[in-house]
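To keep things clear, I will list the structure first and then write my remarks on it.
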Amino acid sequence: MPSGGLSARLGRATLPETRREALNMLRYLILPLLLGACAATPAPELAPASAPPMPAATPCPPAAELAQRGDERARGEAILDMAQSERETLAIALLPCLGDPDPALRDGVTYTALSQMMRSQLIGSETLAAMKAELLGMLAAEDDPAGFARPFAALVLAEVARTDRVAPWMTPQERAGLIAAADAYLASLTDYRGFDEAEGWRHGVAHAADFLMQLSLNPEITRPQAEAILATVARKVGTPEHAYVFGESERLAAPVMYLARREIFSEADWEAWFSGLWPADDPLRENAYTSEAALTKLHNLRAFSQAIYVSAKASNEATYEPVARGAFALLNSLP
């Protein structure tokens, strides 16, 4: 075994790194599922029959089989010991398991294994491309009644995007396609469930933000693509549909801060972007404290702008002053 232990060989800490990166970035900058009776003569009433118990969901076989290898360390060792072809076959086979209702299999086994393999550069570009295509199909799927597959497809797409950031293999058109997919996902997202003690994480907004964060970190992203990322973030930072309580605002702030660090937007650009998050002519402003939708929007925008402002000011870096001023102006403009 090479020196440095399993952590060095896998290149991954125990927490999912895409989510860790989003949180650590904010900390570094200081920076939530008739009986019809038709009889000619009356019949005696019968006690209603109890509904049969729902059958237990069958665990996703590839994840269940990998779980049998032992704890995370043992599973990591098993993956490292696989032949390249076996490992890449496993990576593709695990993708449907991102919709498994068991959080231990979905998050603890499937996502963890896929993240480890990609962060350790154990998957070739052809397989990454095949994974990307399947994940994009999952992200766009309308049939996800349990609400797990689409958010976790977004989270694993963040890892796919990271591989291209570390060692470019996508075309500019493919990167633009990823941004468009994230935008379409957030535009259609109505399931805001974050965390459930029995069912685990869904966290679609935060996972999409992590996807955008990895794209915003890519030096190959162009200004028009960066503008598209900001437009996608803007879709959900001030939603009036749901009040964020699971850190979504901070996660949405991460791609904005990374784009600010690149200094491709002027202070005027940032001022216009922040002011556009709640335009002065929005009717919700007229009833800000007597409308649940308006109060929800106010809560979300305040949390987002505070995350940006505190992170930017605490960094003590001039690079972040334009977004700090834009966020502060937004805070001052809120009803």
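When reading the values below, keep in mind they use all heavy atoms of this one structure, side chains included, and skip hydrogens, waters and symmetry mates. Since we're looking at a predicted model, the values are computed, not measured.
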Report task. Give the C-alpha distance, both sets of side-chain angles, the deciding distance and a yes or no for ring pair (Phe, Tyr, Trp, His ring centres under 6.0 Å) between Phe195 and His203. Result -> CA-CA 7 Å; Phe195 180 76; His203 224 195; 8.9 Å; no
Query raised in the report: Is the closest side-chain heavy-atom distance between Phe211 and Leu178 below 4.5 Å?
Result: yes
Query raised in the report: Does Thr163 reach the side chain of Met131, with side-chain heavy atoms less than 4.5 Å apart?
Result: no
Query raised in the report: Can His207 and Arg251 be said to form a side-chain contact (heavy atoms from CB on, under 4.5 Å), step by step?
Result: CA-CA 8 Å; His207 290 180; Arg251 298 277 274 278; 3.9 Å; yes
Query raised in the report: Would a distance-only check, ignoring hydrogens and angles, find a side-chain to backbone donor-acceptor pair under 3.5 Å from Asn287 to Ala294?
Result: no
**Report entry** Glu72 and Gln116 side chains, donor-acceptor separation under 3.5 Å
**Finding:** yes
Query raised in the report: With a 4.0 Å cut-off, would you call Arg223 and Asp269 a salt bridge?
Result: yes
Query - Cationic tip of Arg285 above Trp278 ring, under 6.0 Å, 45° of axis - result: yes
Query - same_hphob_cluster(Tyr309, Val237) at 4.5 Å side-chain heavy-atom cutoff - result: no
**Report entry** Inter-residue atom distance Ser305.OG - Leu277.CG, 0.5 Å rounding
**Finding:** 8.5 Å
Query raised in the report: In terms of side-chain geometry, is the basic nitrogen of Asp71 or Arg73 positioned less than 4.0 Å from the acidic oxygen of its partner?
Result: no
Report task. Count the heavy atoms of every other residue, nucleotide or ligand shown that sit under 6.0 Å from CD of Glu134, and state whether that count exceeds 12. Result -> yes
Query raised in the report: Can you tell me how far the CG atom of Leu215 sits from the CZ atom of Arg175, to the nearest 0.5 Å?
Result: 9.5 Å
Query - Stepwise side-chain contact (heavy atoms from CB on, under 4.5 Å) test for Arg150 and Leu98 - result: CA-CA 8 Å; Arg150 297 181 76 199; Leu98 293 169; over 6 Å; no
Report summary line: When every non-hydrogen atom of Pro96 is compared with those of Cys60, the smallest separation belongs to C-SG, 4.2 Å
Query raised in the report: Are Tyr185 and Thr232 side-chain neighbours, meaning at least one heavy-atom pair lies under 4.5 Å?
Result: no
Query - Test item: side-chain donor near acceptor, Gln214 and Arg165, under 3.5 Å - result: yes
Requested in this report: Let me see the working for Lys297 and Asp282 under side-chain contact (heavy atoms from CB on, under 4.5 Å), right down to the final yes or no.
Outcome: CA-CA 11 Å; Lys297 188 177 187 75; Asp282 187 336; 3.8 Å; yes
Requested in this report: Decide, yes or no, whether a salt bridge links Glu321 with Lys313 under the criterion of side-chain N to carboxylate O below 4.0 Å.
Outcome: yes
Requested in this report: List the atom of Gly108, the atom of Arg75, and the distance in Å for their closest heavy-atom pair.
Outcome: O-NH2, 3.1 Å
Query raised in the report: Does some side-chain heavy atom of Val166 sit less than 4.5 Å from a side-chain heavy atom of Gln121?
Result: yes
Report task. Apply salt bridge (Lys or Arg N to Asp or Glu O under 4.0 Å) to Glu174 and Lys132, showing your working. Result -> CA-CA 10 Å; Glu174 286 179 291; Lys132 175 169 74 73; 3.3 Å; yes
Query raised in the report: Have Tyr192 and Thr239 got a donor and an acceptor in their side chains that come within less than 3.5 Å?
Result: yes
Query - Residue pair Leu284 / Ser291, side-chain heavy-atom distance below 4.5 Å - result: yes
Query - Arg261 to Tyr320 six-membered ring, cation-pi geometry met (6.0 Å, 45°) - result: no
**Report entry** Verdict with supporting geometry, Val156 and Met118, side-chain contact (heavy atoms from CB on, under 4.5 Å)
**Finding:** CA-CA 10 Å; Val156 177; Met118 284 186 276; 3.8 Å; yes
Query raised in the report: When rounded to the nearest 0.5 angstrom, what distance separates NZ in Lys236 from NE2 in His242?
Result: 10.5 Å
Report task. Can you measure from CD (Glu250) to CZ (Phe304) and round to the nearest 0.5 angstrom? Result -> 10.5 Å
Query raised in the report: Roughly how far apart are Leu259 CG and Met257 CE, rounded to 0.5 Å?
Result: 10.5 Å
**Report entry** N-O pairing of Arg119 and Glu159 below 4.0 Å
**Finding:** yes
**Report entry** Matching residue for Val256 among Val233, Ile229, Leu212 - test: side chain to side chain contact (heavy atoms under 4.5 Å, CB included)
**Finding:** Val233
Query raised in the report: Can you find a heavy atom in the side chain of Leu331 that is under 4.5 Å from one in the side chain of Phe274?
Result: no
Query raised in the report: Which class fits the ring pair Phe152 and Tyr111: parallel under 30°, tilted 30 to 60°, perpendicular over 60°?
Result: perpendicular
